[in-house]
Structure formats: structure tokens, C-alpha cells
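Reading through the C-alpha cells given below for one structure.
Every chain is numbered from 1, with letters handed out A, B, ... down the list of sequences. Scope of the values below: all heavy atoms of this structure, side chains included, with no hydrogens, waters or symmetry mates. Every value quoted in this text rests on a predicted model; they were computed, and no experiment measured them.
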There are 2 protein chains.
Amino acid sequence: MQTTLPEPCCTIDLSTAEQARLVTMFKALGNPIRFEIIKFLATHPQCITGDIVDALPIAQATVSQHLKVLKQAGWIDGIVHGPATNYCLHVENIAWFKSKVGEIL
Amino acid sequence: MQTTLPEPCCTIDLSTAEQARLVTMFKALGNPIRFEIIKFLATHPQCITGDIVDALPIAQATVSQHLKVLKQAGWIDGIVHGPATNYCLHVENIAWFKSKVGEIL
DNA sequence: CTATGTTATCGTATTTTTACGATTAATAGT
DNA sequence: ACTATTAATCGTAAAAATACGATAACATAG
């Protein structure tokens with residue numbers, strides 16, 4: 001009953017680095033708190049860490065950790081402004097993500 | 001130096017259930033092996049579990065587990081055909097994912 | 001220089017994910 | 001019914017993610 005492996009119907013053009021970057025972006029948004037942060041930033045552009053902390057039911061240290069993950073994944077950008085940090089969505093990377101997902105799926 | 005929380009610039013229309021579903025889909029693809037499986041299915045439509053196992057460097061039990069995660073997340077569909085299972089991408093759910101991501105980001 | 005406000009990092013406990021071998025389940029062929 | 005083939009599930013060990021309090025770092029105000 002074993003069928004031979006069908007020939008590929010097409011190829012996907014994606015470098016190892018690009019694929020790793022995509023997986024990292026998927027992983028970063030695969031967490032309810034981080035998704036909430038992205039949603040918050042989408043509706044509240046240019047807010048500081050404290051605003052995000054206030055909007056969430058978790059400790060400041062944990063929020064900071066999640067922001068780090070989102071930043072390293074490329075979803076957000078943090079600009080230090082005085083003692084505070086302004087966070088915003090990284091529009092270029094988000095566009096790249098959507099474009100690549102559209103190519104593949 | 002504390003700024004007041006800026007007013008939301010817009011709202012995002014997303015039910016709790018939809019948001020949970022999106023997070024689950026992001027999480028499922030946030031794993032290198034599962035991403036590879038999706039890529040494999042995109043280029044090799046209608047193959048069986050064994051084909052996927054052969055294409056990956058991990059044990060059959062682990063592949064089966066990953067397939068379950070992808071199926072529960074809605075990325076793929078498994079149709080039992082004799083002793084084997086044919087897997088394919090769940091095109092409707094994928095379209096839904098892309099559409100929602102486009103709305104939000 | 002000191003105090004304050006803001007955020008990041010450290011150390012750690014708990015939970016979740018990942019991977020494996022072994023076993024079970026289910027179907028098809030003889 | 002018996003055997004072979006295919007895939008899912010079980011039990012479990014190891015690794016990674018998540019959350020917290022405490023502390024450190026850094027800029028600004030006084």
C-alpha cells in the first residue's frame with residue numbers, strides 16, 4: 001500500500017536565514033501576552049513600557065522580557081527617549097512577514 | 001516625565017475566540033520542524049505520514065505529535081485512507097489566517 | 001550629588017514543549 | 001484468523017518558556 005513519494009509540485013524559494021527569521025516571528029506571536037502587546041501597540045502607537053505594563057495583568061519584569069522577545073523577533077522597535085522607551089510596530093519587518101507568508105502559503 | 005496613555009488611534013475587531021485561534025496558529029508554526037512540515041506539504045500535496053517522516057531527521061512518534069499540533073491548530077487536514085493518512089494543507093483556514101493578519105497588522 | 005522615575009537584567013521556581021522508545025490500534029492482504 | 005504495514009498514543013526524560021521578586025542601570029530633576 002506504500003505509495004512512492006510524489007514529485008514536488010513546486011519549489012519554495014526561502015533561504016535558511018529567512019526561514020529561521022519567519023519561524024522566530026511566528027513563535028514570538030504564538031503567545032497570548034505577546035499577541036496582546038502587538039494589538040495594543042497597533043491601537044496605541046508610540047507608547048512607553050509603563051503604558052503596556054498598566055494594560056496587562058502581569059509583572060513589569062515579565063512584560064520587559066516579552067518586549068525583548070518581540071524586539072528580537074523584529075515585530076517591534078524600541079526607541080529610548082529619556083528614561084523611558086517608546087515602542088512601536090516595526091512596519092518594514094511586518095510587511096516582509098506578510099509578503100513572505102503570502103509567497104509560501 | 002510620565003506621559004498619559006495616548007488615546008487608541010483605532011480599534012481591532014477580533015473576538016476572544018478568534019484571537020485564541022490566531023495565537024494557536026502562530027504558535028504551531030513557531031517551531032522549525034512544524035514549519036518544515038508545512039513547507040513539505042506545500043510542495044508535496046497529498047502525501048502520507050511516512051513520506052514526511054522520511055523527509056525529516058526525527059522519530060516517527062515525534063512527527064506524529066507535530067502533525068497533531070498542526071492539525072489542531074487548523075493548518076492541515078488528515079484524511080485516513082486505508083492504513084495510511086493523507087495530509088494536506090487546510091486551505092480555508094490558511095486563507096482565514098492570512099486575511100485576519102492582514103486586517104490587524 | 002542625591003532622589004526619583006523608568007526599564008532592563010538576574011536568579012529561580014514552575015510549567016510547557018520536545019523528543020524518544022515502546023506499545024497499541026487499525027487496515028489490508030493472504 | 002494471521003501477518004505485515006502504517007500511524008497514533010503512552011510514559012517519561014530533557015530542554016525551553018514563562019513568571020516573579022529583587023536588584024541594577026540609566027536619565028532627569030532638584
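Look at CD1 on B:Ile37: it is 14 Å from C1' on D:dA7, rounded to the nearest Å. Rounded to whole Å, atom C1' of D:dT28 lies 14 Å from atom CD1 of A:Ile48.
Picking from D:dC20, C:dA8, C:dT6 the nucleotide with the shortest atom distance to the side chain of A:Ala59 gives D:dC20. Taking every side-chain heavy atom of A:Asn31 into account, D:dT18 is the closest of C:dT16, D:dT18, C:dA8. Across C:dT17, C:dA19, C:dA8, the shortest atom-to-atom separation from the side chain of B:Lys27 is found for C:dT17. The listed nucleotides are D:dT28, D:dT5, C:dA8; the one nearest the side chain of B:Pro83 is D:dT5. Taking the side chain of B:Tyr87 as heavy atoms from C-beta on, and the options C:dA8, D:dA8, C:dG11, the nearest nucleotide is D:dA8. Checked against C:dT9, C:dA19, D:dA7, the side chain of A:Lys68 finds its nearest nucleotide in C:dT9.
Interatomic distance, NE2 of A:His66 versus CG of A:Leu56, reported as 8.5 Å (0.5 Å rounding).
No side-chain heavy atom of B:Leu41 sits less than 4.5 Å from a side-chain heavy atom of B:Cys88.
Residue B:Ala61 is in base contact, counting any heavy-atom pair closer than 4.0 Å across all strands shown. Within the 4.0 angstrom heavy-atom criterion, base atoms lie near B:Thr62.
Between B:Arg34 and C:dT18, a side-chain N or O to OP1/OP2 separation shorter than 4.0 Å is present. The phosphate of D:dA8 (OP1 or OP2) has a side-chain N or O of B:Ser64 nearer than 4.0 angstrom. Note on B:Thr49: a side-chain N or O is less than 4.0 Å away from OP1 or OP2 of D:dA8. Distances shown here put every side-chain N or O of B:His66 at or beyond 4.0 Å from the OP1 or OP2 atom of C:dT17.
Between A:Phe26 and B:Phe97, the ring planes are parallel. Angles under 30° get that label, and only those over 60° would be called perpendicular.
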